[in-house]
Student: 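Next up is a structure, given as structure tokens.
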Protein chains: 2
Amino acid sequence: MTTVTTSLEAPAPASARQLPVLTICCAPSAAMADDDAASLAGMFKALADPARVKILSMLLNADEVCACDMADAIGKTAATASHHLKLLRDAGLIIGDRRGTWVYYRVVPERLAAIRDALTLA
Amino acid sequence: MTTVTTSLEAPAPASARQLPVLTICCAPSAAMADDDAASLAGMFKALADPARVKILSMLLNADEVCACDMADAIGKTAATASHHLKLLRDAGLIIGDRRGTWVYYRVVPERLAAIRDALTLA
DNA sequence: ACACTGCTTTGAGATTCGTCGAATCAGTGA
DNA sequence: TCACTGATTCGACGAATCTCAAAGCAGTGT
């Protein structure tokens, strides 16, 4: 039950659009909760760099990659590679376990699925 | 044909692992192209903020939202909301068209699909 | 114990980002 | 034309980010 008027009056503020009042703008569609938005934004931020996108793509193709190859693959120093790996780890997108001298990383499929779900139309 | 050795020698550099040589580490799995990584990282960067995640989620639930509601929804000034909308627009994730006084935004489903595909296991 | 290698952390510099007030542009209606 | 409102852009500030060299930690093998 949505009454459409001419554009004479301003669109009612979202807070008032619950009632059957003059509206012309759009569905209420409240914003998502702060916590959810922050959590999702954190994951996106973890992927918001070409070096980290490259790392993730490597892990998606090989399901396990030695940290010793990361620096060369992204064209940065080992320290920088380690920094990016930490950001991906902190975001929960990848995990690494040490086996002797080397550390092997792989993706966390559930976390990637969470991102995909957030980008899917209702 | 992958020969596995003891951990006496270091893992061969990725550039040498194409050949049937001593390897113990992981599949070659070259990094993705610079251009693709930068393009994807750009889209992730566009979503790397809670305000922009909220905006996107609103658009996913309502397929059209008036810019006049964005500021209230994200709890920021109109100038800040416009700034975030511009970043999402520049990334190609949303488009807005003006209808008289107001501007209505909606998502670009193909671009969201591109992100989802990049996060999918091979 | 020692040396050696891989990985991570620390510290510092340059750059980018988020935010808002103020100014500007766009469209409506008197 | 003028006044008014919505939306965007500009200017500036503090906060966060990216990068590397250098130092520190972890494991291996002598």
Side-chain angles (χ1 to χ4, degrees), chain A residues 5-14 24-26 34 37-38 41-55 65-91 94-105, chain B residues 5-14 24-26 34 37-38 41-55 65-91 94-105:
Chain A
T5 75
T6 69
S7 58
L8 286 174
E9 36 264 281
I24 65 166
C25 197
C26 42
D34 283 7
M43 290 194 276
F44 285 125
K45 192 173 301 189
L47 293 170
D49 184 280
R52 298 197 289 274
V53 169
K54 285 184 185 178
I55 289 173
V65 175
C66 178
C68 62
D69 288 336
M70 300 290 192
D72 281 353
I74 67 175
K76 300 283 159 63
T77 67
T80 300
S82 188
H83 166 69
H84 289 304
L85 287 167
K86 175 174 171 51
L87 294 184
L88 289 169
R89 249 188 291 128
D90 291 349
I94 67 174
I95 58 175
D97 70 312
R98 170 161 233 133
R99 294 210 281 279
T101 305
W102 295 287
V103 178
Y104 297 84
Y105 283 95
Chain B
T5 75
T6 69
S7 59
L8 287 173
E9 36 264 283
I24 66 167
C25 197
C26 43
D34 283 8
M43 290 195 276
F44 285 125
K45 191 173 301 188
L47 293 170
D49 184 278
R52 299 197 288 273
V53 169
K54 284 184 185 178
I55 289 174
V65 175
C66 179
C68 60
D69 289 336
M70 300 291 191
D72 282 354
I74 66 175
K76 300 284 158 64
T77 66
T80 299
S82 189
H83 166 70
H84 289 305
L85 287 168
K86 175 173 171 51
L87 294 185
L88 290 168
R89 250 188 292 128
D90 291 349
I94 68 173
I95 58 175
D97 70 312
R98 171 161 232 134
R99 294 210 281 280
T101 305
W102 295 288
V103 177
Y104 298 84
Y105 282 94

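To find a chain, count down the sequence lines: A is the first, B the second, and so on, and within it residues start at 1.
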Student: When the distance from CG of B:Asp69 to P of D:dA7 is rounded to whole Å, what number comes out?
Tutor: 9 Å
Student: What is the distance, to the nearest angstrom, from the CZ atom on B:Phe44 to the P atom on C:dT16?
Tutor: 22 Å
Student: In whole angstroms, how far is the C1' atom of D:dT9 from the NZ atom of B:Lys86?
Tutor: 9 Å
Student: Supply the atom-to-atom distance B:Ile74 CD1 to B:Leu85 CG, rounded to the nearest 0.5 angstrom.
Tutor: 7.5 Å
Student: Mind listing the closest non-hydrogen atom pair of A:Tyr105 and A:Gly96 along with its distance?
Tutor: CD2-CA, 3.5 Å
Student: What integer distance in Å separates A:Trp102:CH2 from C:dT8:C1'?
Tutor: 17 Å
Student: Looking only at side-chain N and O atoms, does A:Tyr105 come under 4.0 Å of OP1 or OP2 in C:dT8?
Tutor: yes
Student: Does B:Arg52 reach the side chain of A:Phe44, with side-chain heavy atoms less than 4.5 Å apart?
Tutor: no
Student: Can you name the nearest heavy-atom pair linking A:Arg89 to A:Ser82, along with the distance?
Tutor: NH2-O, 4.3 Å
Student: How long is the line joining CG of A:Asp90 and P of C:dT8, in whole Å?
Tutor: 12 Å
Student: Identify, with sequence neighbours excluded, every residue that meets side chain to side chain donor-acceptor pair (under 3.5 Å) alongside B:Thr101.
Tutor: none
Student: Using a cut-off of under 3.5 Å, enumerate the N/O to N/O pairs linking the protein to nucleotides 11-15 of chain D.
Tutor:
none

Student: Which residue pairs satisfy the salt bridge (Lys or Arg N to Asp or Glu O under 4.0 Å) criterion with at least one member in residues 75-87 of chain A, sequence neighbours excluded?
Tutor: A:Lys86-A:Asp90
Student: With sequence neighbours left out, what residues match B:Ala91 under side-chain contact (heavy atoms from CB on, under 4.5 Å)?
Tutor: B:Ala46, B:Leu93
Student: Measure CZ/A:Arg89 against P/C:dC7 and give the value in whole Å, please.
Tutor: 12 Å
Student: Roughly how many Å is it from OH in A:Tyr104 to C1' in C:dC7, rounded to a whole number?
Tutor: 13 Å
Student: Under the side chain to side chain donor-acceptor pair (under 3.5 Å) rule, collect the residues that match up with A:Arg98, sequence neighbours excluded.
Tutor: none
Student: Take nucleotides 16-27 of chain D nucleotide by nucleotide from the 5' end and write B, S or -, depending on whether a protein heavy atom sits under 4.0 Å from the base, only from the sugar-phosphate, or from neither.
Tutor: -SSBBBB----S
